[in-house]
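Input: a single structure, listed below in structure tokens.
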Amino acid sequence: MSKITKQLSDMINDQINAELESAYLYLDMANYYASKSLGGFQNNFEKQAEEEVEHAFKLRKYLIDNSIDVVLKDVKITKVNYKDLREPLQKQLEHEEFVTSLIYKLMDKAIEDRDYATIEMLKWFVSEQQEEEISAKALLDEFDAFASDKALLYKLNSRLGKRE
């Protein structure tokens, strides 16, 4: 069992909240694409929201397994009025880069505390965030390449609808 410092456990609790806020953000993006009749993009962001909840649960379980109280906070989400179909994709990439910075701060603190168990657990999140950024960037690049061609955009939407 890890000897997690109070400061690090507070940071992990904050990260749980950040993951839940990410889920809300992605559900909002899914709703936006639903309103534009783009079910594939909607599905993609619904699946992304589910992943963020899974991340929160993984962190929650880690605290519970280490006999640390989980403190859930109010989830804050700012409703965004997207100006076009591209904007949510750009915001997703920016958000994933922000979440990566939060994970790095957690890792920095775990290293500072010499909390090797937490370092090991956080390695998964570091890898996951790298994948998240790569995926978000690839989707944005694909959109940019296909946006002017409705047939290709339809194919992209169709492919995103198959994401499980």
Side-chain angles (χ1 to χ4, degrees), residues 11-62 70 72-111 118-164:
M11 291 172 72
I12 294 170
N13 268 307
D14 288 344
Q15 188 63 37
I16 291 168
N17 195 65
E19 298 292 342
L20 294 172
E21 286 178 357
S22 295
Y24 268 65
L25 175 67
Y26 292 143
L27 279 176
D28 187 56
M29 290 176 181
N31 293 341
Y32 170 75
Y33 285 116
S35 76
K36 301 297 182 188
S37 299
L38 289 167
F41 283 87
Q42 173 190 339
N43 178 66
N44 178 66
F45 280 103
E46 288 170 351
K47 297 300 181 192
Q48 197 61 44
E50 290 173 10
E51 278 189 21
E52 303 306 331
V53 172
E54 288 173 14
H55 298 169
F57 271 75
K58 187 176 184 95
L59 291 165
R60 177 182 165 269
K61 182 178 181 334
Y62 185 74
V70 175
L72 297 177
K73 300 172 183 171
D74 289 341
V75 175
K76 296 179 183 113
I77 180 78
T78 303
K79 175 73 174 125
V80 179
N81 293 313
Y82 302 107
K83 65 181 184 222
D84 57 30
L85 298 176
R86 184 183 190 278
E87 189 176 15
L89 303 174
Q90 179 64 45
K91 295 225 178 275
Q92 177 191 24
L93 177 58
E94 292 167 4
H95 184 72
E96 290 301 337
E97 291 169 343
F98 170 70
V99 172
T100 297
S101 76
L102 297 176
I103 296 297
Y104 287 175
K105 287 177 185 171
L106 280 170
M107 182 64 90
D108 288 344
K109 181 60 179 155
I111 290 168
T118 301
I119 291 168
E120 192 61 32
M121 182 272 298
L122 289 172
K123 284 180 181 179
W124 182 88
F125 283 92
V126 170
S127 295
E128 177 68 11
Q129 279 309 121
Q130 187 174 30
E131 289 175 22
E132 297 281 4
E133 284 189 35
I134 289 168
S135 293
K137 175 82 168 86
L139 181 55
L140 180 60
D141 289 346
E142 248 183 309
F143 180 87
D144 286 344
F146 299 159
S148 63
D149 185 328
K150 297 241 187 261
L152 290 175
L153 191 57
Y154 176 79
K155 282 179 124 175
L156 176 58
N157 183 65
S158 181
R159 183 175 58 81
L160 292 173
K162 296 174 183 161
R163 178 179 173 190
E164 295 181 2

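FYI, the numbering just counts along the sequence from 1. Only a predicted model underlies this, so the values are computations on that prediction, with no experimental measurement involved.
Taking a 6.0 Å sphere around CG of D84, one finds it holds more than 12 heavy atoms contributed by other residues, nucleotides or ligands. Residue F146 places its CZ atom among more than 12 non-hydrogen atoms of other residues, nucleotides or ligands, all under 6.0 Å distant. With a 6.0 Å radius and a threshold of 12 heavy atoms from other residues, nucleotides or ligands, Q130 has its CD atom at or below the threshold. By the neighbour-count criterion of 12 heavy atoms within 6.0 Å, atom NZ of K61 is sparsely surrounded, having that number or fewer from other residues, nucleotides or ligands.
Side-chain contact between L106 and F125 is absent, with no heavy atoms from C-beta onward closer than 4.5 Å. Side-chain contact between L25 and E21 is absent, with no heavy-atom pair separated by less than 4.5 Å. Using a 4.5 Å heavy-atom threshold, the side chains of Y104 and V126 count as touching.
When all heavy atoms of D74 and N17 are compared, the pair lying nearest together is O-OD1, 3.4 Å. The two residues A18 and L102 have their closest heavy-atom pair at CB-CD1, 3.9 Å. A147 approaches L153 most closely through the heavy-atom pair O-CD2, 4.4 Å. Nearest approach of L93 to A136, heavy atoms of both residues: CA-CB, 3.9 Å. Closest heavy-atom contact between P88 and M29: O-CE, 3.4 Å. Residues L38 and L85 approach most closely at CD1-CD2, 3.6 Å, considering heavy atoms.
Note on E87 versus K36: no salt bridge recorded, every NZ/NE/NH1/NH2 to OD/OE distance being 4.0 Å or above.
Judged purely by atom type and a 3.5 angstrom limit, N43 uses its side chain to pair as donor or acceptor with the backbone of R163. In terms of modelled atom types and a separation under 3.5 Å, the side chain of Y62 and the main chain of L122 share no donor-acceptor contact. S158 places no side-chain N or O within 3.5 Å of a backbone atom of Y154 that could act as its donor or acceptor partner. In this structure, Q42 contributes its side chain and S37 its backbone to no donor-acceptor pair below 3.5 Å. In terms of modelled atom types and a separation under 3.5 Å, the side chain of Y32 and the main chain of N81 share no donor-acceptor contact.
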Is there a side-chain contact (heavy atoms from CB on, under 4.5 Å) between Y82 and R86? Walk through the geometry before answering. CA-CA 9 Å; Y82 302 107; R86 184 183 190 278; over 6 Å; no
Checking side-chain hydrogen bond (donor to acceptor under 3.5 Å, both in side chains) for the pair E19/Q15: CA distance, chi angles, key distance, verdict? CA-CA 6 Å; E19 298 292 342; Q15 188 63 37; 2.9 Å; yes
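With rounding to the nearest 0.5 Å, the separation of CZ in F98 from CD1 in I103 is 10.5 Å. A distance of 6.0 Å separates CD of Q92 from CD of E96, quoted to the nearest 0.5 Å. Atoms NZ and CG, on K73 and L20 in that order, are 11.5 Å from each other to the nearest 0.5 Å. Rounding to the nearest 0.5 Å gives a distance of 9.5 Å between OG1 of T100 and NE2 of H95. Between T118 atom OG1 and I111 atom CD1 the span is 11.5 Å, to the nearest 0.5 Å. A distance of 11.5 Å separates CE in M107 from CE in M11, rounded to the nearest 0.5 Å.
A donor-acceptor contact closer than 3.5 angstrom is absent between the side chains of E133 and Q129. Side-chain polar atoms of Q48 and E132 form a donor-acceptor pair below 3.5 angstrom.
If you run side-chain hydrogen bond (donor to acceptor under 3.5 Å, both in side chains) between E128 and each of H55, K123, K58, only H55 comes through. Exactly one residue among K137, K155, R159 makes a salt bridge (Lys or Arg N to Asp or Glu O under 4.0 Å) with E142. That residue is R159.
In this pair, Y33 and F45 present their aromatic rings parallel. The plane angle is below 30°, not in the 30 to 60° band.
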